[in-house]
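Structure, as structure tokens:
Numbering of ligands and ligand atoms starts at 1, following listing order. Note that the numbering runs from 1 along the sequence shown for the chain.
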Amino acid sequence: MKAKFITVEGTEGVGKTTNIEFIKTWLQSREIEFIATREPGGTPLAEEVRDCLLRNREELVDSTAELLLVFAARAQHINTLIRPALERGIWVLCDRFTDATFAYQGAGRGLDKNLITLLENEVQKGLHPDLTLYLDIDIELGLERASLRGEFDRFEKEQVSFFEKVREGYKERVAQNPSRYAVIEAGQALQEVQIDIKQALEKWFPLEK
Ligand code: T5A
């Protein structure tokens, strides 16, 4: 089977990190060679950009600057890690990707979606996930879960109304291209969430006979 590109998306505290561990175990059980990575980040340079983006600071961050930093990190990540892995037959499992940009910078910050699409086309050159697991959760429940992990970063300090827009942005993406997404009800108990994730993985990537 050709190497696949799987992304995991959702608003704050939805359980991406927790469920990525579960997906890794599923990939291992299938003896699939893979790398697990994240955005923003995934390479030393892109991780430095992540730190710039997430760090709390006095200075107001301009939304266009934020968008360009996200895509600068993505260009480095795609060209030095993701594409070379896929070309070598290695699957890529990524915590967030461009859906997050449409949701956070597009729907959340209100930036022009045509500008995001322009950058997407230029940076990705046709690369898109084969499957995106979109974990959906009530915003307040997600923030409550995220708060258990400690101090909030620059994004997590946004208002609930910002995350409501981000959630709507994700739903809009799913509605535009439903065949790429598995929508997972992430407010359920972890065991139920993982049953749904396993079903989605088996549906998208059935065992070859
Ligand atoms: N960003 C990113 C942009 O603005 N634009 C972009 O293009 C990109 C790529 C990145 C930030 O960057 C922004 C968006 C983000 O704000 P991040 O670290 O990827 O940050 O995102 P976070 O949402 O902050 O990730 P978190 O680590 O906070 O949340 P997770 O990984 O979704 O949640 P997780 O697994 O740590 O779970 C949180 C807690 O809930 C528990 C876990 O045990 C944990 O304690 N939990 C559950 N509890 C009960 N029931 C369940 N079903 C549970 N699942 C998890």
Side-chain angles (χ1 to χ4, degrees), residues 7-24 36-43 46-56 61-78 81-82 92-111 113 115-117 119-120 123-124 128-129 132-160 162-167 169-170 173 184-198:
T7 60
V8 183
E9 295 280 357
T11 46
E12 314 305 295
V14 74
K16 289 177 290 88
T17 311
T18 309
N19 289 301
I20 278 174
E21 291 308 311
F22 174 78
I23 300 167
K24 285 186 196 172
T37 184
R38 67 175 181 182
E39 287 218 345
T43 80
E47 286 290 328
E48 282 184 40
V49 178
R50 178 189 178 90
D51 183 54
C52 288
L53 282 161
L54 267 59
R55 196 185 323 142
N56 286 302
V61 178
D62 174 73
S63 298
T64 305
E66 185 178 276
L67 174 69
L68 294 174
L69 284 168
V70 163
F71 270 106
R74 184 161 297 137
Q76 182 70 9
H77 192 205
I78 289 173
L81 188 74
I82 298 179
V92 176
L93 171 61
C94 191
D95 186 340
R96 297 192 187 277
F97 196 60
T98 309
D99 288 307
T101 315
F102 280 96
Y104 283 77
Q105 282 66 47
R109 302 280 190 230
L111 289 181
K113 302 227 174 92
L115 171 61
I116 303 178
T117 303
L119 291 166
E120 177 187 36
V123 167
Q124 294 174 215
H128 297 285
T132 297
L133 293 152
Y134 168 58
L135 310 187
D136 186 52
I137 197 166
D138 172 79
I139 296 300
E140 305 217 5
L141 177 57
L143 289 173
E144 201 180 299
R145 286 186 188 170
S147 72
L148 301 174
R149 281 190 335 243
E151 211 198 321
F152 277 174
D153 63 35
R154 192 173 64 82
F155 284 97
E156 288 164 340
K157 286 192 171 156
E158 289 289 343
Q159 305 288 318
V160 169
F162 172 80
F163 294 114
E164 295 288 3
K165 286 191 265 182
V166 171
R167 188 180 184 196
Y170 272 124
R173 294 281 294 166
I184 308 291
E185 173 42 69
Q188 307 177 89
L190 189 56
Q191 207 184 357
E192 305 300 317
V193 172
Q194 294 184 340
I195 288 171
D196 291 352
I197 291 177
K198 186 163 181 267

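Counting only non-hydrogen atoms, the option in E66, E144, E21, R96 that gets closest to atom 21 (O) of ligand 1 is R96. Distances from atom 33 (O) of ligand 1 to the heavy atoms of S147, G106, G15 show the closest one on G15. Nearest to atom 2 (C) of ligand 1 by heavy-atom distance, out of G41, A146, P40, is P40. Of the options D95, T18, I116, L53, the smallest heavy-atom separation from atom 35 (O) of ligand 1 is shown by T18.
Within the 4.0 Å heavy-atom criterion, the part of V70 lying near ligand 1 is the side chain and not the backbone. Under 4.0 angstrom from ligand 1, the non-hydrogen atoms of R50 all belong to its side chain. At a heavy-atom cutoff of 4.0 Å, ligand 1 is contacted by no atom of R38, backbone or side chain. Residue R145 touches ligand 1 through backbone and side chain together, judged by heavy-atom distances below 4.0 Å. Contacts between A103 and ligand 1, counted as non-hydrogen atom pairs separated by less than 4.0 Å, are absent for every part of the residue.
Less than 4.0 angstrom separates some heavy atom of T17 from each of these atoms of ligand 1: 27 (O), 30 (P), 31 (O), 35 (O), 36 (O). Here is the list of ligand 1 atoms found below 4.0 Å of a heavy atom in Q188: 50 (N), 51 (C), 52 (N). Interface atoms of ligand 1 facing E39, defined by a heavy-atom separation under 4.0 Å, are 9 (C). Ligand-side atoms of ligand 1 in range of E156: 24 (O), 28 (O), range being under 4.0 angstrom from any heavy atom.
The minimum heavy-atom distance between N56 and F152, with the atom names listed, is ND2-O, 3.1 Å. E39 and C94 get closest at one heavy-atom pair: CG-SG, 3.9 Å.
In terms of modelled atom types and a separation under 3.5 Å, the side chain of E21 and the main chain of T18 share no donor-acceptor contact.
Looking at L54 next to ligand 1, no N or O pair under 3.5 Å apart turns up. In terms of polar-atom proximity, defined here as any N/O pair under 3.5 Å, Y104 makes no such contact with ligand 1. An N or O contact shorter than 3.5 Å is missing between F155 and ligand 1 by distance. Residue T101 has at least one nitrogen or oxygen atom sitting less than 3.5 Å from a nitrogen or oxygen atom of ligand 1, judged on distance alone.
Using a 4.0 Å cut-off between a side-chain N of Lys or Arg and a carboxylate O of Asp or Glu, E12 and R96 qualify as a salt bridge. E66 and R154 are joined by a salt bridge, as a carboxylate oxygen and a charged side-chain nitrogen come within less than 4.0 angstrom of each other.
Remark: R74 is positioned above the aromatic ring of F71, its terminal NZ or CZ atom under 6.0 angstrom from the ring centre and at most 45 degrees off the axis.
Side chains of T101 and E120 form no contact here, defined as non-hydrogen atoms less than 4.5 Å apart. Side chains of T11 and L143 form no contact here, defined as non-hydrogen atoms less than 4.5 Å apart.
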F97 vs V92, side-chain contact (heavy atoms from CB on, under 4.5 Å): CA-CA, chis, key distance, verdict
CA-CA 12 Å; F97 196 60; V92 176; over 6 Å; no
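Within a 6.0 Å sphere centred on CD of E140, other residues, nucleotides and ligands contribute 12 heavy atoms or fewer.
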